[in-house]
K.L.:
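Okay, here's the structure, questions in a sec.
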Amino acid sequence: VALAAQLSLSLAECPGTGSAQAGRAAACQGCPNQGLCAAGAAGPDPAEAAELRARLRAVRHTVLVLSGKGGVGKSTFSALLAHGLAADETKQVALLDIDICGPSIPKIMGLEGEQVHQSGSGWSPVYVEENLGVMSVGFLLSSPDDAVIWRGPKKNGLIKQFLRDVDWGEVDYLIVDTPPGTSDEHLSIVQYLSASHIDGAVIVTTPQEVSLQDVRKEINFCRKVKLPIIGVVENMSGFVCPKCKNESQIFPPTTGGAEKMCQNLNVSLLGKVPLDPQIGRSCDRGQSFLAEAPESPATLSYRNIIQRIQEYCEQHHFQEEKIM
Amino acid sequence: ALAERANLAGVQHILLVLSGKGGVGKSTISTELALALRNAGKRVGILDVDLCGPSIPRMLRVQDSAVHQCDSGWVPVFVGQDKAIALMSIGFLLERPDDAVVWRGPKKNALIKQFVTDVAWGDLDFLIVDTPPGTSDEHISTVEALRPFQLLGAILVTTPQ
């Protein structure tokens with residue numbers, strides 16, 4: 001008997017350790033956690049959900065930045081989205097980094113070495129600008145090279161703390177940067193934020209099929225957990241040589257790139273951003289690429305994409321208000 | 001325990017390919033290394049423990065293959081020009097290639113243990129283990145499961161920035 005048939009039953013999704021079905025669903029058979037889950041709470045802790053809801057009540061819009069594939073520019077994009085939105089001084093922006101093993105946001109935002117302070121109202125985010133606050137596990141490490149070697153449950157605990165204990169205050173936009181994959185961090189953030197609401201997800205990719213195949217899985221993840229997809233951003237999409245102005249495809253879109261994938265899966269392509277070595281340089285130096293290279297074609301692309309995301313969020317909010 | 005010893009007992013060296021950072025070329029290097037070692041006449045296997053984003057099957061153009069069982073366990077898929085590189089990946093176990101594997105740690109750990117103990121690798125000079133980015137469940141479980149065997153060491157992959 002082909003093994004795949006046997007295993008396809010056990011490949012059904014984990015209902016979630018906090019779900020009412022925890023330990024009891026068909027997919028739980030054979031899972032080493034089954035006993036713990038079945039013996040645990042009958043469902044998500046209502047007191048906890050209430051706590052999260054209260055803390056997140058003052059957040060108007062939440063955007064998750066996802067991929068599936070690593071190294072495509074999620075953190076870069078999250079940081080630039082935050083900078084772009086915070087350029088409007090009347091908006092309060094929060095950037096939450098839930099990549100526990102590889103937190104890039106402190107370096108990209110120029111905040112390495114900063115620490116988190118506690119006050120009566122909770123943990124204080126680290127402020128880049130008056131209207132742009134950041135939180136990351138990176139700020140909790142004694143040394144930037146310390147490895148956070150944690151299994152899922154411990155990571156989930158910290159993510160919950162980030163949402164429950166950080167005093168973000170009134171926030172117009174909460175941007176959540178995630179690690180690659182479709183695992184604990186992603187399930188947890190969607191679960192915990194269900195206490196509030198998520199406007200949608202921005203999915204980042206690069207043009208080659210090896211990236212797209214992981215990104216299609218991420219799109220399916222979003223559909224499975226009913227997370228709206230704002231759209232897809234294709235990074236590293238072509239390179240224009242500053243000397244000879246010739247364009248090269250460093251990551252050739254052998255299967256049609258994000259454009260074809262978006263057509264096939266009926267999701268919006270928010271934009272394509274070309275490779276610009278200044279992007280990597282700005283990230284390493286903790287400076288905003290948008291500010292350092294305002295004339296770059298990549299900056300123009302990013303700004304267009306950021307505007308489309310803003311429009312989506314505002315429209316979404318307007319529709320919700322109409323319903324209410 | 002006897003079966004466990006048997007399945008990896010014929011493997012001379014186990015190499016982990018790690019990074020921490022995603023998208024730096026771990027799977028690419030794992031694949032090229034396997035092909036190069038095979039070209040040099042070695043017996044090679046690849047174990048892909050990236051459960052959320054398994055890249056190796058597509059890189060070796062076997063994404064539509066299926067896994068079968070034999071007396072000593074699961075039979076790896078044989079890839080490469082002479083079909084002599086043994087490969088195991090969750091990619092072969094998905095009903096559809098775009099299916100997301102949305103598992104929490106404990107379930108990932110269980111499958112990784114199975115990949116290590118239940119795959120009939122046979123006699124290999126090198127088993128290359130491709131990993132996902134990070135330092136979490138997959139990495140802890142893989143190292144724990146491989147500890148009793150000939151773990152040669154880790155190759156770390158990065159990019160310049």
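The chains referred to below are lettered A, B, ... by the order of the sequence lines, with proteins before strands, and numbering in each begins at 1.
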K.L.:
Determine the minimum heavy-atom distance between B/G134 and A/C101, stating which atoms define it.
P.N.:
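Closest pair (atom of B/G134, atom of A/C101, distance): CA-CB, 3.9 Å.
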
K.L.:
Which distance, rounded to the nearest 0.5 Å, do you find between the OG of B/S55 and the NZ of A/K69?
P.N.:
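Here the interatomic distance stands at 4.5 Å.
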
K.L.:
Search all heavy atoms of B/D137 against all heavy atoms of A/G152 and return the closest pair with its distance.
P.N.:
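Heavy-atom minimum between the residues: OD2-N, 2.7 Å.
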
K.L.:
Quick check: closest heavy atoms across A/K217 and B/P97, and the distance to 0.1 Å?
P.N.:
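Distance-wise, the nearest heavy atoms are NZ-O, 2.7 Å.
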
K.L.:
State, yes or no, whether a side-chain contact exists between A/R151 and B/S141 at a heavy-atom distance under 4.5 Å.
P.N.:
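Counting from C-beta outward, A/R151 and B/S141 do come under 4.5 Å.
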
K.L.:
Could you please state which residues from residues 204-214 of chain A sit under 4.5 angstrom from chain B, measuring non-hydrogen atom to non-hydrogen atom, sorted by number, or 'none'?
P.N.:
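Expected list: A/E209, A/V210, A/Q213, A/D214.
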
K.L.:
Nearest 0.5 Å, what's the CG-CH2 distance between A/L187 and B/W103?
P.N.:
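The distance works out to 12.5 Å.
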
K.L.:
Within a radius of less than 6.0 Å around CG of A/N266, do more than 12 heavy atoms belonging to other residues, nucleotides or ligands occur?
P.N.:
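For A/N266, atom CG is not crowded (no more than 12 foreign heavy atoms under 6.0 Å).
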
K.L.:
Of the backbone (N, CA, C, O) and the side chain (C-beta and beyond), which part of A/P179 lies under 4.5 Å from a heavy atom of chain B, both, or neither?
P.N.:
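For A/P179, there is no contact with chain B at all, as no heavy atom is under 4.5 Å.
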
K.L.:
What part of A/K154 is in contact with chain B, defined as an atom under 4.5 angstrom from a non-hydrogen atom: side chain, backbone, both or neither?
P.N.:
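Contact with chain B is absent: no heavy atom of A/K154 under 4.5 Å.
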
K.L.:
Indicate yes or no: does A/D184 engage B/R104 in a salt bridge with an N to O separation below 4.0 Å.
P.N.:
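A salt bridge is present here (some side-chain N lies under 4.0 Å from a carboxylate O).
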
K.L.:
Would the distance check show the side chain of A/K224 and the main-chain N or O of B/A100 forming a donor-acceptor pair, the cut-off being under 3.5 Å?
P.N.:
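Flag set: sc A/K224 to bb B/A100 pair under 3.5 Å.
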
K.L.:
Closest approach of A/W150 and B/I140, non-hydrogen atoms and distance?
P.N.:
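For A/W150 and B/I140, the tightest heavy-atom pair comes out as C-CD1, 4.3 Å.
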
K.L.:
Return the option, out of A/V215, A/I219, A/D284, with the maximum number of heavy-atom pairs under 4.5 Å with chain B.
P.N.:
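Top option by heavy-atom pairs under 4.5 Å: A/D284.
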
K.L.:
Count the heavy-atom pairs under 4.5 Å between each of A/I100, A/N220, A/V148, A/I149 and chain B, then report the option with the highest count.
P.N.:
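Most heavy-atom pairs under 4.5 Å with chain B: A/I149.
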
K.L.:
Against chain A, label B/D98 side chain, backbone, both or neither, depending on which of its atoms sit under 4.5 Å from a heavy atom there.
P.N.:
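Both backbone and side chain.
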
K.L.:
Tell me, out of A/G102, A/S188, A/S104, who's got the most heavy-atom pairs with chain B below 4.5 Å.
P.N.:
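Result: the option with the highest number of such pairs is A/S188.
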
K.L.:
What residues, two or more places apart in sequence or in another chain, satisfy side-chain contact (heavy atoms from CB on, under 4.5 Å) together with B/D125?
P.N.:
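B/D125 satisfies side-chain contact (heavy atoms from CB on, under 4.5 Å) with B/Q12, B/K42, B/R43 only.
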
K.L.:
Within the structure provided, determine whether B/Q161 and A/C283 are in side-chain contact (heavy-atom separation under 4.5 Å).
P.N.:
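Heavy-atom side-chain distance check fails, nothing below 4.5 Å.
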
